[in-house]
Every structure is written in C-alpha cells, then in structure tokens.
Trainee: 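Dumping the structure here so I can ask a few things about it.
Remember, it's 1-based here, ligands and their atoms both numbered in the order they're listed.
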Amino acid sequence: MPHIVFNKNILINTPTKKGENEFLFVAKSFSKDESRKTEYKVAVKNLDKEFLLTIKDKDDNFLIKSDKTTRISPVSFIKSALNSYVELTNSDILFENTKNLKEKKEHEHKYLKEIDYFVNDFKTTKELVIEIGFGSGRHLLYQAKNNPDKVFIGLEIHFPSIEQLLTQLELQNITNVLVVNYDARLFMEFIESNQVGKIYVHFPVPWDKKPHRRIYSNEFVSEALRVLKLDGTLELRSDSRKYFDFCVDLLTNLPKAKISIDVNKELEVSSKYEDRWKKQGKNIYDVILTSQVVDKDINLDFDFSFDFEINVDNFFEHAFLKAIIIKKYFVHIEELYYILNHNNSALIKVTMGNFDRPVTKYILILNGKLSYYQGEPLPTSSNIAAHKKLKEILKK
Ligand SMILES: C[S@@+](CC[C@H](N)C(=O)[O-])C[C@H]1O[C@@H](n2cnc3c(N)ncnc32)[C@H](O)[C@@H]1O
C-alpha cells in the first residue's frame, strides 16, 4: 500500500490544487473516547475520480495513505495525490514507497463484469442461463458452445477458477459468457424477472456443519423462481445425500413450481467434481425445480437520497456507534469526522446491508445536506432496508 511518512506539520488549507489534484476538504475524527487517536481524511478530486486520503500519527510524525473504503484504481492516482499533499505542506519526507511500488495488474477482461454492470447497463432480449459455482468451467464452456443463441452468466467466488475460465473463453473463442465474481446467494436480485431459462447449481459445497452458508435457502429459491421464465428450471446436482434431502424439503410444495428427482442420471458433460465422485462409486442426485408462473417485474431504480437536513453537532453528541441488527440486515455507524472550516459539515462512515456482503460507505454532510460519497449503494433489498433504517437514525 503506498504511503509517505513526513514531518508533522500544519494541515493544508482547502480548497487548493497541486498539479492535477484538487484538495476539497480536510475532516478530523471525532470521538468522546479520549484514548482514541486523532485521524484526518483529506478529500481529493482528480479528473472524474474522488477519493479520500488518511493521515495518522506515526511516532512523532504524520503518515499519509489512501483510505481503504474509497480506494480507487489505478493506484497511480493515489500516489500522485499523496505526493501532491506532502509537497503542499513543504514537509521533509522521512519514508515513502510511492516511487517504486509496482502497479498491480488490474483484472481487465471484456467478459469479466463488475456487479454494477448488471444494475446499470445489462440488457438483453436473449434467454439467460446462469451457472453457480462453475469451478473448472467444463460444464459452462460446453453449454455455452452448444447454445450460441443464449447468454450465459457464470458466478464464482474463487478467483483462480475465474481466471481459468476467462483463458478458456479466449482460447475456444466463446463470446456468449459473462463472468461475475460475486456471491450467488445475492446475485439474483439484479436480474429482471422471467428472463432465465436455466440455473445450474452443480456440486455446491454441502456445508454440513454450517447450513446457513449453503446456496439453497428459502430466499434463494424464491429469487430463483422470480428470475426463471415460465417452465424455466433450477437444477441441483450433488453427490451429497444430505444436501439433496435438504433441497427436496425446501422445494416440495412450493405453490408456483413443481419438482422432479433423479439418481445417477447421465448428462452430456461431466464436471471435474462429478468425475471424482463417480470414480469413488458415489451416487449422484438431481433435483430439478420448474417454474410454473410469470412473476412481476422488479424496480432497480431505488432513490438513495436523503430528503432532510441534519445538525451535525446534535447528531455527533448522541450518535450510537454500535451495530443495529434487524433480522436480515444491519446498520453500523463506525466513525465520525468533522469537516474543518465548514459550517455544519461532516463525514460519517457506515457499514450496512446484508451480513454476507456488507457495504461500507461514507455519508458526506455539507451544510447539513446529506449524500453518499462516491455514489450510492447497490439497490439490493438489504441495502434498501438498511438505508431506510439509517435515515431514521440520522433524523433522530
Ligand atoms: C465443489 S465446487 C464445484 C465446481 C463445479 N460446479 C463442478 O461441478 O466441478 C463448488 C464451487 O462453488 C463455488 N462457490 C461456493 N460458494 C459460492 C457462492 N456463494 N457463489 C458462487 N460460487 C460459489 C466454489 O468456489 C467452487 O468453485
């Protein structure tokens, strides 16, 4: 992580500019606990990118580095901002690693998509097929190659598997697969209703000791049914009898769907895990859920604005810095910062949303007006619920 240690000095006056970097404000941490060390956040703008730097004490000196939550890429923007800041203070540099740190190669690939792409840009009239936890990708590659008229979305949380699949897509010249590094339990929320022909879940981790981590749950199944077209299918294939029984239980008697089960059914292609289990003589179980209903459309245009103003002093005086947990989501106000030399202005660091995929954001308050710094959270149901709770907390 690039950082510079420099002689402790007065903070810069903002707004000011050095090279391409505009320094918009400096904010100072606020805590009633006097043992907590003071920390500063410096807001930087360079072209269309806005981000924060952190200044902390380092022995008798200052250390400046990027703020983890608002870190941007490429890292050259951060290095440039750190150097510009220190130059503006006219301080002596005691240590720096911004000159010879190698740029980390960004994962750039035309078929690898960020989740925002599905919220803001993704549109297709073609049928979608989703494969969850594609692993070595053997099944996904086979299906995509044999169904060029469909768009495949591959979900995986293990990055080496993703890299392996991207390489194969290129080598085999397959162009109808989008790959996402995202937890499948939360992904479906971004897909329109009635668009998916098949969802494959082949050999998911059985999580016998931690069943709450399984892909299948009531929420997952109901989201899967929403995105499936009429007669679309959610297909589990597993070597685990326990997982199979658990899913059959979950899927039986759903009002909008029917199930069919099978043992040792042969598919056109056998995945890496399947080969392994077959060699060991294990049974392979299938349970297929078929959607029998057309669902309502969803709206991804949730308005994350704050339609009120606050008094920063009052709020800071009474702020409660502990997580508030409400069933499936939570809100945790973590840190408070006063923006220096600005009336009624602050930064609030908050972590919120779903326990499996929390989001950390800063709320920027300028003259009492609130907004999310660096853009709004993704419109997931947990983030929407957490935002509503956060509004209640801030209004008090
Ligand atoms: C046992 S492997 C099976 C891989 C492949 N389907 C096969 O049959 O060879 C399970 C895969 O699911 C992925 N996985 C586990 N949990 C996941 C989640 N919540 N979302 C997406 N992928 C997940 C793992 O990284 C792993 O690659």
Trainee: Between Asp295 and Arg226, does any side-chain N to carboxylate O distance fall below 4.0 Å?
Mentor: no

Trainee: Just grab all the salt bridge (charged side-chain N to carboxylate O under 4.0 Å, His left out) pairs involving residues 4-26, residues at least two apart or on different chains.
Mentor: Lys8-Asp57, Lys18-Glu87

Trainee: Going by side chain to side chain donor-acceptor pair (under 3.5 Å), name the pairs with one or both residues in residues 318-328, residues two or more places apart or in two chains.
Mentor: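 Qualifying pairs, neighbours excluded: Glu219-Lys328.
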
Trainee: Are Phe77 and Phe51 an aromatic pair, judged by ring center distance below 6.0 Å?
Mentor: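 Ring centres of Phe77 and Phe51 not closer than 6.0 Å.
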
Trainee: Given Arg138 and Asp275, is the salt bridge (charged side-chain N to carboxylate O under 4.0 Å, His left out) satisfied, shown in steps?
Mentor: CA-CA 11 Å; Arg138 211 192 278 173; Asp275 281 354; 2.8 Å; yes

Trainee: Could I get the full list of ring-ring contact (aromatic ring centres under 6.0 Å, His included) partners for Phe152, not counting sequence neighbours?
Mentor: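 ring-ring contact (aromatic ring centres under 6.0 Å, His included) list for Phe152, sorted by chain: empty.
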
Trainee: Present, as a list of atom pairs with distances to 0.1 Å, all nitrogen or oxygen contacts under 3.5 Å between ligand 1 and the protein.
Mentor:
residue, atom, partner, partner atom, Å
ligand 1, 6 (N), Gly133, O, 2.8
ligand 1, 6 (N), His202, O, 2.9
ligand 1, 8 (O), Ser271, OG, 2.7
ligand 1, 9 (O), Ser271, OG, 3.3
ligand 1, 9 (O), Tyr273, N, 3.4
ligand 1, 19 (N), Asp183, OD1, 2.9
ligand 1, 20 (N), Ala184, N, 2.9
ligand 1, 25 (O), Glu156, OE1, 2.6
ligand 1, 27 (O), Glu156, OE1, 3.3
ligand 1, 27 (O), Glu156, OE2, 2.7

